[in-house]
Protein chains: 2
Amino acid sequence: MATALKLKAFDLGKQASAGDVIYDALRDAIIRGEIEEGEPLRQDTIAQMFNVSRIPVREAMQRLEAQGLVLSERYKGVVVASLSHDQITEIFQFRALVEPTVIELAVPLMSEESLKAAQHYCDAFAAETDPLRWGDLNRDFHTALYKDSDKKFFLTMIDKTNDLVERYVRLVLYLTQGMRSAIEEHQAILDACKARKPELAAELTRQHIDQAGKALVGYLRDHHR
Amino acid sequence: MATALKLKAFDLGKQASAGDVIYDALRDAIIRGEIEEGEPLRQDTIAQMFNVSRIPVREAMQRLEAQGLVLSERYKGVVVASLSHDQITEIFQFRALVEPTVIELAVPLMSEESLKAAQHYCDAFAAETDPLRWGDLNRDFHTALYKDSDKKFFLTMIDKTNDLVERYVRLVLYLTQGMRSAIEEHQAILDACKARKPELAAELTRQHIDQAGKALVGYLRDHHR
DNA sequence: ATATTGTAGATTGGATACAATTATGCAAAC
DNA sequence: GTTTGCATAATTGTATCCAATCTACAATAT
């Protein structure tokens with residue numbers, strides 16, 4: 001038998017098509033709030049931006065619509081979706097139900113690496129001065145806490161809710177200059193995880209999301225958005 | 001002034017494109033289990049079925065992939081997704097968390113019409129002799145109970161979970177000749193709604209989903225699927 | 001001045017055609 | 001009999017072109 005020759009296997013992932021790239025780029029721009037609500041996305045314009053035809057652009061847009069990030073009307077075009085205060089409230093209600101469950105399941109499985117990563121994002125969030133980075137670090141923190149739960153479907157759903165409200169979260173983080181209370185709440189949740197107290201972590205997460213949701217809608221209301 | 005001539009306004013909804021029609025048809029066939037797991041869906045073949053080009057077919061497939069109903073690989077094609085027992089278990093865990101919450105919110109808002117509709121579907125389910133109809137009636141029943149909750153996002157999520165597991169639910173309803181225990185559980189949930197007892201309806205729903213999930217995975221295991 | 005109609009441009013949905021990549025069948029070599 | 005190499009077919013990804021429809025504005029009628 002020949003010596004077992006091991007070739008290094010690069011994980012290229014599914015080779016990305018133009019449609020995939022465009023989808024990612026548009027999704028990113030939308031959830032970051034770089035495109036105004038209600039702003040139309042013209043197939044032609046975007047196709048030229050990426051130097052491709054309209055076909056992959058249309059496919060990307062259909063996926064964005066399925067994800068709820070844009071609304072499309074025949075012969076009129078696609079516009080960036082906007083959420084009413086009620087819709088935002090409902091999404092936070094959903095998160096307040098799902099995320100505590102996930103963290104409760106995750107705590108017993110949480111690796112030291114994940115805890116360290118979460119602490120890193122928590123500190124980085126507190127230290128970050130660029131408002132545009134707060135959104136990412138906030139999301140990274142929560143993701144680090146959830147991922148060891150090994151509940152892929154739950155995580156997919158949570159990602160979806162994050163995508164939908166992220167532009168508003170970012171806006172409010174900006175308006176409130178970072179929401180210092182969030183930092184303390186993050187640390188408290190993380191401490192509960194480190195102490196391996198699933199129920200406590202779940203309850204603190206529930207309160208955190210509840211607070212964040214109410215604060216967010218409150219600020220939006222005050223600023224007439 | 002001329003007499004006010006009122007033209008009847010038909011609500012055509014968003015005018016359906018070929019892609020929409022194909023998406024609906026494929027989704028339906030997949031969740032009903034009319035296409036085998038892992039079976040490839042060829043763009044060309046399906047385009048011919050509908051007498052269209054591959055463009056709208058591709059768009060439909062991309063949406064199916066976003067919904068999690070198919071898997072796509074570049075230059076290889078799209079295959080109907082199959083779920084592992086673990087994945088099915090997780091989805092039922094998710095439903096057992098979300099659906100009780102929704103019914104609890106719905107009970108106080110539930111109209112007499114909705115209660116009547118639910119009773120109708122419940123009876124129809126019990127009386128139905130055609131196994132192929134059980135899946136629909138089961139879903140109609142639950143939908144009737146949830147819709148007055150006025151929580152669109154929750155309902156969308158529930159719909160998604162239903163889409164993903166429906167083919168398995170149908171299979172097991174078939175194998176078990178209708179699961180008589182489900183009928184009693186349905187009636188108990190409905191009675192709790194009629195009595196306007198939100199917490200009871202929620203708890204019964206949780207138990208019902210839990211049972212159904214465990215029964216489903218158990219049957220699948222026994223039948224090596 | 002206001003309402004209606006007509007027309008040109010803009011925009012999307014889809015068909016056809018072609019390029020890139022993978023799967024398949026078959027002959028040759030081991 | 002099994003494996004390897006290559007030519008061919010099958011299949012997907014994208015570009016280009018056309019049809020259907022909407023929008024905006026000018027022209028006309030009231």
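Residue numbering restarts at 1 for every chain, and letters A, B, ... go by the order of the sequence lines.
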K.L.:
Taking only side-chain nitrogens and oxygens of K76(A), does any of them come within less than 4.0 Å of OP1 or OP2 of dT23(D)?
P.N.:
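Yes, because at least one side-chain N or O of K76(A) sits under 4.0 Å from OP1 or OP2 of dT23(D).
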K.L.:
Would you call the rings of F141(A) and H186(A) parallel, tilted or perpendicular if under 30° counts as parallel and over 60° as perpendicular?
P.N.:
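Aromatic pair F141(A)/H186(A) classed parallel.
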K.L.:
Answer with yes or no whether R58(A) presents, from its side chain, a donor or acceptor under 3.5 Å of a partner atom in the base of dG14(C).
P.N.:
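Yes, the side chain and the base share a sub-3.5 Å donor-acceptor pair.
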K.L.:
Take the protein atom CZ of F50(A) and the nucleotide atom P of dG13(D), then report the distance between them rounded to whole Å.
P.N.:
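Going from CZ in F50(A) over to P in dG13(D) covers 18 Å.
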K.L.:
Can you tell me how far P of dA19(C) sits from CZ of R74(B), to the nearest Å?
P.N.:
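That distance rounds to 16 Å.
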K.L.:
How long is the span from the OH atom in Y121(B) to the OG1 atom in T143(B), to the nearest 0.5 Å?
P.N.:
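Going from the OH atom of Y121(B) to the OG1 atom of T143(B) covers 8.5 Å.
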K.L.:
To the nearest angstrom, how far is Y75(A) atom OH from dA19(D) atom P?
P.N.:
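Taking OH of Y75(A) and P of dA19(D), I get 13 Å after rounding.
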K.L.:
Take atom CD of Q48(A) and atom P of dT12(C), then tell me their distance rounded to the nearest Å.
P.N.:
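In whole Å, dT12(C) P and Q48(A) CD are 12 Å from each other.
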K.L.:
Atom CG of D20(A) to atom P of dT12(D): distance rounded to whole Å?
P.N.:
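Checked: the CG to P distance equals 15 Å.
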K.L.:
From C-beta outward on I55(B), which listed nucleotide comes closest to its side chain: dG13(C), dA15(C), dT16(D)?
P.N.:
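Given the options dG13(C), dA15(C), dT16(D), the side chain of I55(B) is closest to dA15(C).
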K.L.:
Does V52(B) reach a base, just sugar-phosphate, or nothing at all? Heavy atoms under 4.0 Å.
P.N.:
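Sugar-phosphate, no base atom in range.
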K.L.:
Are OP1 or OP2 of dG13(D) and a side-chain N or O of Q43(B) less than 4.0 angstrom apart?
P.N.:
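For Q43(B), the contact criterion (side-chain N or O under 4.0 Å from OP1 or OP2 of dG13(D)) is met.
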K.L.:
To the nearest Å, give me how far apart CD (E59(A)) and C1' (dG14(C)) are.
P.N.:
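Result: 12 Å.
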K.L.:
What's I22(B) touching, base or sugar-phosphate or nothing? Going by heavy atoms closer than 4.0 Å.
P.N.:
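No contact at all - I22(B) keeps every heavy atom at 4.0 Å or more from the nucleic acid.
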K.L.:
Does the Y168(B) side chain pair with the main chain of L83(B), one donor and one acceptor, at a distance under 3.5 Å?
P.N.:
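Yes.
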K.L.:
Assess whether side chain to side chain donor-acceptor pair (under 3.5 Å) is satisfied between S17(B) and D20(B), documenting all intermediate values.
P.N.:
CA-CA 5 Å; S17(B) 63; D20(B) 294 334; 3.2 Å; yes
K.L.:
When all nucleic acid strands are considered with a 4.0 Å heavy-atom cut-off, which category describes R42(B): base, sugar-phosphate, or nothing?
P.N.:
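Touches sugar-phosphate only.
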K.L.:
Starting at CG of N51(A) and ending at C1' of dT16(D), how long is that distance when rounded to a whole Å?
P.N.:
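Answer to the nearest Å: 15 Å.
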K.L.:
Could you tell me whether a side-chain N or O of R27(B) sits under 3.5 Å from a main-chain N or O of L64(B), the two making a donor and an acceptor?
P.N.:
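No; judged by distance alone, with no hydrogens or angles, the pair does not exist.
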K.L.:
For R54(B) and dT14(D), give me the distance from atom CZ to atom P, rounded to whole Å.
P.N.:
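Taking atom P of dT14(D) as the reference, CZ of R54(B) is at 11 Å.
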